[in-house]
Structures are given as structure tokens and as C-alpha cells.
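As C-alpha cells, the structure follows; a few thoughts come after it.
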Amino acid sequence: MRKKSTLLALAIFAFGFASAQSADEIVTNYFENTGGYDAWGKLEGLKMTAKVNQGGMEIPLEIVVLKDGKQYTKISLQGNEFMQGVFDGEVVWNTNFQSLTAEKADAETTANQKLEANDFPSDLYDYKDKGYTLELMGEETIEGTETFKLKLTKEPITVDGAEQDNVTFYYFDKENFVLLAEEQEIPAGPAKGMTGIVTFSDYDEVSGLYFPFSMSQGVKGGQTQPIKFETIEANPTVDAKVFAFPDGE
């Protein structure tokens, strides 16, 4: 009888501890449980290869994101390579799918991208030093898993000439603090005002850190696009020229 009472008391204590987690503790536990806070801070960049299924056709992707903010996504399609979301630290550009030529993004898009330049490996990493605000919003069940729901507020972005709140909601597994999903209002385009959602699964180890090898992104309550990562390389060597806007275009 005493043993059962002790176990019950421990269960109540554990439940109370989980419920009492602060937003900062949840984020710290996430980084510690996926490789260590200091180890994440030493990460210099990532190079990932993936495949996305589009209408039954698998499209290869190559994604590079570096600590200094430089990034690109390369899409291989019908014998052509399209560079998307390329940022060299000053210029954002994309390959036009029709003309196959490089085009610079507008000033507003570029300014918003520069705000993201200090967010590697995650906008949650050292969020206080960046001046961001993090709040614990409560608990929510995501695809059958109980999670902590956190709200991160960053510096405003500019949309159509007006400042707009820059808020992301994160959902962490209550048991092991792994990130399962994130949501953000779509600021522009055909889906403007809708909630974009990204889910994460199939975590595996890469150079001592744990990354999701499966993602799904789309509009909440609507269709989502699955992405399967084939390789993830930590601290890759990347020629800086690949980020530069092509001469003469």
C-alpha cells in the first residue's frame, strides 16, 4: 500500500513539474535533448538534400543555410536547375521558372530577409539576446501528442509598406521536448491571412545533433506537402560564389 502511495506521489510531482515548465526551460530542454545548447551554438551551417512529391513526381532539392545568413534552395526540374530564396547577405534573388533568368527580389522582401540573418540555427536560439519575446501559451494536442505551445514574437516585418507583427507558434512534445510543429500567419500571396503549418518527425543524429528527416508544410486545415530529407551535412564547405547574383542578369 505504501509503495502505491509513493508511486502516486511521484506521478503527481512529475505532472506538476511538467506543468510548471517555463517557456525558457522548454526551449533550453529542446536544445539540450537534441545535442546540447553549446553544440548547437557551434554549428556553422547545414547542407541538405531532399525530395518533394509534386503530382506524383519526385523533385530533388538541395538546401544550404549558413550561420552568417547566406542561404539557397536549388530545385532540379526537367533537366534545369532553379535557384530559389538565394541570399548573399545583401541581395535576395530567384531563378524565373519561365525565362530561366535570375531576378532580384524587391526591397521589402530583401529588408525582411535581412531580419532573419541572425536566426541560425533557430530563431529560438539565444532569443533573449536578439530582443525576442517568448511566452508559454498552454498545452495542446498535436496529432495525438500532448505538447507545450509557445509563442515567439520577433521584430515586425514590412508587408505592402506597413509594419506587421512577426509571430510564430511552436509545439514541443511534453515528454521529450522535441519540436513537433510550428505555425505562422502567411503575410502575403494567395494564402495571405491563412495559417501556415510545418510539422516535423523522424528525428535522427547528424554530427551529434538531432534533426527531423521528415517535414510536411502547407496551410492549416488544408493540403500539406511532405518533404523527405535524404542527407543532412553539418558545417559544409560552400563556395561563396554560389550565393552571388549572376553577372549580367
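The structure presented is a predicted model; accordingly, all values stated were derived computationally and were not measured. Note: hydrogens, waters and symmetry copies are ignored here, and every other heavy atom, side chains too, is used.
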Do [X] and [Y] have side chains that approach each other closer than 4.5 Å (heavy atoms only, starting at C-beta)?
X    : Y    : value
Y132 : D119 : yes
V238 : F243 : yes
V27  : Y125 : no
E81  : S76  : yes
Q184 : V167 : no
M83  : V242 : yes
I26  : L150 : yes
I75  : Q84  : yes

For [X] and [Y], indicate whether the former's side chain and the latter's backbone hold a donor-acceptor pair under 3.5 Å.
X    : Y    : answer
T158 : G161 : no
D88  : A244 : no
T147 : E140 : yes

Practice problem: Test side-chain contact (heavy atoms from CB on, under 4.5 Å) on K70 and V86 and set out the steps. | Solution: CA-CA 8 Å; K70 295 183 177 69; V86 188; over 6 Å; no
Practice problem: Take W40 and L209 through the test side-chain contact (heavy atoms from CB on, under 4.5 Å) and record every step on the way to the result. | Solution: CA-CA 7 Å; W40 279 105; L209 302 174; 3.9 Å; yes
Quiz prompt | K149 to F169 six-membered ring, cation-pi geometry met (6.0 Å, 45°) | solution =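 Because its charged atom sits under 6.0 Å from the ring centre and within 45° of the axis, K149 does stack over F169.
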Quiz item: Does the cation-pi check pass for K104 over F245, that is, NZ or CZ under 6.0 Å from the six-membered ring centre and within 45° of its axis?
Solution: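 Yes, K104 lies over the aromatic ring of F245.
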Practice problem: Apply the side chain to side chain donor-acceptor pair (under 3.5 Å) test between Y171 and each candidate in E182, E183, E139; give the one that qualifies. | Solution: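 Checked E182, E183, E139 against Y171; only one passes side chain to side chain donor-acceptor pair (under 3.5 Å): E183.
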Please determine if [X] and [Y] form a salt bridge, counting it only when a charged side-chain N lies under 4.0 Å from a carboxylate O.
X    : Y    : value
K241 : D239 : no
D123 : K130 : no
E116 : K154 : yes
E233 : K47  : no

Using a cut-off of 6.0 Å, state whether more than 12 heavy atoms not belonging to [X] lie near its atom [atom1].
X    : atom1 : value
E205 : CD    : yes
K42  : NZ    : no
D165 : CG    : no

Measure the [atom1]-[atom2] distance between [X] and [Y] for me, rounded to the nearest 0.5 Å.
X    : Y    : atom1 : atom2 : answer
E143 : T141 : CD    : OG1   : 11.5 Å
F211 : F229 : CZ    : CZ    : 10.5 Å
D126 : F31  : CG    : CZ    : 8.5 Å
M194 : E185 : CE    : CD    : 11.0 Å
S122 : Y127 : OG    : OH    : 11.5 Å
K228 : L61  : NZ    : CG    : 14.0 Å

Quiz item: So, for L134 and L124, which heavy atoms are closest and what is the spacing to 0.1 Å?
Solution: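 Closest heavy-atom pair between L134 and L124: CD1-CD2, 3.9 Å.
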Practice problem: Might you point out which heavy atoms bring A234 and L43 nearest each other, and give the distance in Å? | Solution: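 Shortest heavy-atom separation between A234 and L43 comes out as CB-CD1, 3.8 Å.
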Between [X] and [Y], a side-chain donor and acceptor under 3.5 Å:
X    : Y    : answer
N33  : Y210 : no
N53  : Q225 : no
T109 : D106 : yes
T224 : S216 : yes
N96  : E103 : yes

Practice problem: Under the side-chain contact (heavy atoms from CB on, under 4.5 Å) rule, what do I186 and T195 come out as? Steps first, then yes or no, please. | Solution: CA-CA 6 Å; I186 299 171; T195 300; over 6 Å; no
Transitive ILVMFWY side-chain link [X] to [Y], under 4.5 Å:
X    : Y    : answer
I227 : L77  : yes
Y72  : F87  : no
L179 : I197 : no
F120 : L115 : no
F213 : F200 : yes

Practice problem: Quick one: do F172 and Y30 satisfy ring-ring contact (aromatic ring centres under 6.0 Å, His included)? Show the steps, please. | Solution: CA-CA 8 Å; F172 291 91; Y30 161 63; 5.2 Å; yes
Quiz item: Could you walk me through whether F82 and F97 pass the ring-ring contact (aromatic ring centres under 6.0 Å, His included) check?
Solution: CA-CA 7 Å; F82 301 88; F97 283 94; 4.6 Å; yes
Practice problem: Go through the steps to decide whether E90 and K114 satisfy the test salt bridge (Lys or Arg N to Asp or Glu O under 4.0 Å), and finish with yes or no. | Solution: CA-CA 8 Å; E90 292 296 330; K114 287 182 178 180; 3.0 Å; yes
Exercise. May I have the step-by-step check of side-chain contact (heavy atoms from CB on, under 4.5 Å) for F177 and F148, ending in yes or no?
Key: CA-CA 8 Å; F177 299 97; F148 292 113; 3.8 Å; yes
